[in-house]
Amino acid sequence: MLLLALVAAATLTPVFGVDAQDVSRLCLTRALVHLNLSNDRCFETPYARDESIYRGHVYSDKAPGMSVLELPAAVAVRLPNPQSWPYEGLRLWAVRILSSGLALIVGAFLVGRISEGLAPGYGGVALVAFALGTLVAPFGAANFEHVTAGTLG
């Protein structure tokens, strides 16, 4: 558990800037809260590059899995419009941590636990090598679906 706490502190504390991934996924999340798929006003930001336009409405071009997973966190922190994200980065960071960040911690735990079962005494080494020595670390706090998909796999 101590290793998991240290890995979480090392990987989940950086607060990354707003990017196109955030806008695309979280605009869909904000639309799903209101039982919609399009969110025209949300995409009115310079960061919105990953979008699709169909019949005059703007949609996310991402698969909906992460957007659905981020629903509880976005509602809990009252995520504002993306135009204010550069100024309220902690709310965006919290949504990232409560979705892909948790997936990183669960994935690291599973790798460590399974490794400990296969080779007793090496679970901690495997946990740290996986969490800090692969691309899981930078993706864990950056709202990419790769960590969540890997953990589910």
Could you state the interatomic distance from [atom1] ([X]) to [atom2] ([Y]), rounded to the nearest 0.5 Å?
X      : Y      : atom1 : atom2 : result
Phe109 : Leu3   : CZ    : CG    : 12.0 Å
Asn143 : Leu26  : CG    : CG    : 5.5 Å
Ser115 : Phe130 : OG    : CZ    : 10.0 Å
Leu71  : Leu79  : CG    : CG    : 11.0 Å
Tyr122 : Leu127 : OH    : CG    : 16.0 Å

For the hydrophobic clusters of this structure (ILVMFWY residues joined by side-chain heavy atoms under 4.5 Å, transitively), does one cluster hold both [X] and [Y]?
X      : Y      : value
Val77  : Leu102 : no
Val75  : Val68  : yes
Phe144 : Leu132 : yes
Leu135 : Leu110 : yes

Mind listing the side-chain donor-acceptor pairs of residues 92-101 below 3.5 Å, one per line with the distance, residues two or more places apart or on another chain?
| residue | atom | partner | partner atom | Å |
| --- | --- | --- | --- | --- |
| Trp93 | NE1 | Leu12 | O | 2.9 |
| Trp93 | NE1 | Pro14 | O | 3.3 |
| Arg96 | NE | Asp22 | OD1 | 3.2 |
| Arg96 | NH1 | Phe16 | O | 3.0 |
| Arg96 | NH2 | Gly17 | O | 3.0 |
| Arg96 | NH2 | Asp22 | OD1 | 3.4 |
| Arg96 | NH2 | Asp22 | OD2 | 2.3 |
| Ser99 | OG | Val95 | O | 2.8 |
| Ser99 | OG | Arg96 | O | 3.2 |
| Ser100 | OG | Arg96 | O | 3.2 |
| Ser100 | OG | Gly140 | O | 2.9 |

Atom of [X], atom of [Y] and distance for their closest heavy-atom approach:
X     : Y      : result
Ala9  : Thr13  : O-OG1, 2.7 Å
Thr29 : Ser67  : OG1-O, 2.9 Å
Leu4  : Ala108 : CD2-CB, 4.1 Å

Scan for salt bridge (Lys or Arg N to Asp or Glu O under 4.0 Å) pairs involving residues 56-71, sequence neighbours excluded, and state none if there are none.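 Listed by first then second residue: Asp50-Lys62.
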
Is there side-chain contact between Ser24 and Ser60, with at least one heavy-atom pair below 4.5 Å?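 With C-beta onward as the side chain, the pair touches.
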
Decide yes or no on side chain to side chain donor-acceptor pair (under 3.5 Å) for Arg30 and Asn81, but give the supporting numbers first. CA-CA 9 Å; Arg30 290 172 55 85; Asn81 288 325; 2.4 Å; yes

Before giving the answer on side-chain contact (heavy atoms from CB on, under 4.5 Å), spell out for Leu104 and Val7 the whole-Å C-alpha distance, their side-chain angles and the decisive distance to 0.1 Å. CA-CA 9 Å; Leu104 179 142; Val7 162; 4.2 Å; yes

Considering only distance and modelled atom types, tabulate donor-acceptor pairs under 3.5 Å from the side chains of residues 145-153, sequence neighbours left out.
| residue | atom | partner | partner atom | Å |
| --- | --- | --- | --- | --- |
| Glu145 | OE1 | Arg25 | NH2 | 2.2 |
| Thr151 | OG1 | Ala103 | O | 2.8 |
| Thr151 | OG1 | Val147 | O | 3.1 |

